[in-house]
Amino acid sequence: MSDERFHDLFGGEPSVRGSAAGRVNLIGEHTDYNGGFVLPTAIPQRTSVWLAPRGDRAVRIASAEIDQGAVRAYTLGSERREGNWTDYVQGVTRFLAEEGHRFGGFDAFIASTVPIGSGLSSSAALEVSILNALIAAFGLALDPPTIARIGRRAENEHVGARTGVMDQMAACLADAGTALFLDTRDLSYERVPLPPGAELVVINSGVSHDHSQGDYNARWAECEAACQLLGVAELRDIAIEDLAHVEALPEPLNRRARHVVTENDRVPRAVAAMKANDLAALGSLFDASHASMRDDYVVSVPAVDLLVDIARADADVFGARLTGGGFGGSIVALVRRGAAKAVAERVTRAYASRSGLTPTILVPPR
Ligand code: GLA
């Protein structure tokens with residue numbers, strides 16, 4: 001099917017396919033740019049790239065979802081910020097070349113089932129799937145931290161969106177059966193199996209976070225200001241035992257830093273609860289994380305709070321929280337094994353009728 005689309009657009013056949021999954025973060029939110037811990041897992045939705053080298057310096061790309069499949073073009077070495085989706089690809093080729101990797105022009109067709117603006121990392125899935133296709137096509141040697149760094153540089157320095165490294169690392173390394181317990185300070189990680197007694201439900205609230213970059217950057221700046229007052233390089237350096245120092249900061253830096261320090265403390269506790277299959281403890285940590293994001297970090301919105309509250313009120317739900325950067329997007333709920341499909345349907349039905357919005361069930365997949 002996509003081979004046919006490729007042929008229609010560019011003539012010829014794609015020689016390689018690269019792909020990367022979207023992610024849902026289970027806990028550890030807004031900790032990655034503070035040197036802290038995160039715990040993402042892959043979702044079934046993914047981005048795929050069909051690619052063929054051209055033999056010159058031209059790049060021609062088309063997306064199945066954006067621009068009605070129109071072909072966009074640029075030349076390697078002349079990447080610039082255009083203010084559209086190609087910036088992610090242009091950023092990737094720009095920094096791949098800048099970091100000394102040798103490759104040529106290409107044609108690529110991209111198709112994705114990761115919803116955009118839903119807090120599930122569609123942009124990292126695009127960056128990493130393009131990189132995976134380029135690795136296959138040009139025989140490049142890049143390890144996951146290098147792939148993640150180039151993807152993040154594309155996003156930070158070319159697109160102009162400040163983000164941490166979680167999403168790109170998850171797009172490289174996460175799988176659906178385990179969670180990636182990642183220390184964003186040194187990129188060491190451990191794969192932790194999802195607890196056997198539970199399943200995940202992921203629901204997109206129908207509120208897009210499309211215009212949230214300014215709010216995200218404001219939180220980042222508040223963390224930097226808190227660090228300066230506390231005399232530390234990163235909020236990771238503040239242990240939970242030292243929370244009193246954080247409480248003494250002026251408003252709202254005290255609450256922002258309290259979120260990061262308590263959230264960072266919750267991640268290893270969530271890992272321990274997963275290993276012990278202690279679903280009540282894990283669910284409570286989800287709930288506490290949501291309250292902290294809502295009240296201290298102030299990155300939730302009323303519709304997402306409503307969706308979380310409806311999920312939490314369900315007898316088969318251990319806990320629920322906003323996932324991703326916030327200001328809209330998706331929730332993740334920890335649900336009794338075997339109940340995920342029914343819970344997802346009950347919760348979305350109640351939420352749709354109370355909010356008037358259109359939610360989408362992403363996990364379990366239909
Ligand atoms: C976005 C960013 C990540 C991370 C999360 C919040 O997804 O891309 O780096 O900061 O928000 O946890």
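Below, all heavy atoms of this structure are taken into account, side chains as well, without hydrogens, waters or symmetry copies.
Ion pairing between R269 and D265 holds under the 4.0 Å rule for side-chain N and carboxylate O. Salt-bridge formation is detected for the pair R162/E224: a Lys NZ or Arg NE/NH1/NH2 atom is positioned less than 4.0 Å from an Asp or Glu carboxylate oxygen. Salt bridge present: R236 and D183 bring a charged side-chain N and a carboxylate O closer than 4.0 Å. Salt-bridge annotation for R266 and E29: absent, with no side-chain N of the basic residue lying under 4.0 Å from a carboxylate O of the acidic one. Ion pairing of D287 with R321 is absent here, as no side-chain N (NZ or NE/NH1/NH2) approaches a carboxylate O to less than 4.0 Å. A salt bridge links E234 and R185; the closest N-O separation between the charged side-chain nitrogens and carboxylate oxygens is under 4.0 Å. Ion pairing between a basic and an acidic side chain is recognised when a charged N comes within 4.0 Å of a carboxylate O; R346 and D316 show such pairing.
Checked against the 6.0 Å centroid threshold, F37 and F181 count as a close aromatic pair.
By the 30° and 60° cut-offs, the orientation of the rings of F95 relative to H158 is perpendicular. H30 and Y33 have perpendicular rings, their planes meeting at more than 60° on a 0 to 90° scale where under 30° would count as parallel.
For the pair T93 and E79, the minimum side-chain heavy-atom distance is below 4.5 Å. Using a 4.5 Å cut-off on side-chain heavy atoms (C-beta onward), F286 and V332 make contact. Residues R94 and L76 form no side-chain contact, since every pair of their non-hydrogen atoms from C-beta on lies 4.5 Å or further apart. V192 is listed as a side-chain neighbour of K275, based on a closest heavy-atom distance under 4.5 Å. The side-chain heavy atoms of Y74 and V89, taken from C-beta on, include a pair separated by under 4.5 Å. When side chains are defined from C-beta on, P14 counts as touching D3, because their heavy atoms get closer than 4.5 Å. Side-chain contact check for L26 versus L200: some heavy-atom pair is nearer than 4.5 Å. Looking only at side-chain heavy atoms (C-beta outward), L362 and I203 stay at 4.5 Å or farther from each other.
Looking at every heavy atom in both residues, P193 comes nearest to T178 through CA-CG2, 4.0 Å.
Counting only distance, with no hydrogens or angles, the side chain of R256 and the backbone of D296 share a donor-acceptor pair below 3.5 Å. Under the 3.5 Å distance criterion, the side-chain polar atoms of T184 are matched with a main-chain donor or acceptor of G36. Remark: side-chain polar atoms of S129 are paired, donor with acceptor, to backbone N or O of A125 under 3.5 angstrom.
Listed by chain and residue number, S63, W85, I116 satisfy the side chain to side chain contact (heavy atoms under 4.5 Å, CB included) test with I66 (two or more places apart in sequence, or in another chain). Taking D67 as the reference, R72 meet the salt bridge (charged side-chain N to carboxylate O under 4.0 Å, His left out) condition, with sequence neighbours excluded.
Heavy atoms from other residues, nucleotides or ligands lying under 6.0 Å from CZ of R191 number more than 12. At most 12 heavy atoms of other shown residues, nucleotides or ligands fall within 6.0 angstrom of atom CD in Q228.
Counting only residues at least two apart or on different chains, the salt bridge (Lys or Arg N to Asp or Glu O under 4.0 Å) pairs with a member in residues 99-112 are R54-D107, R60-D107, E99-R149, E99-R153.
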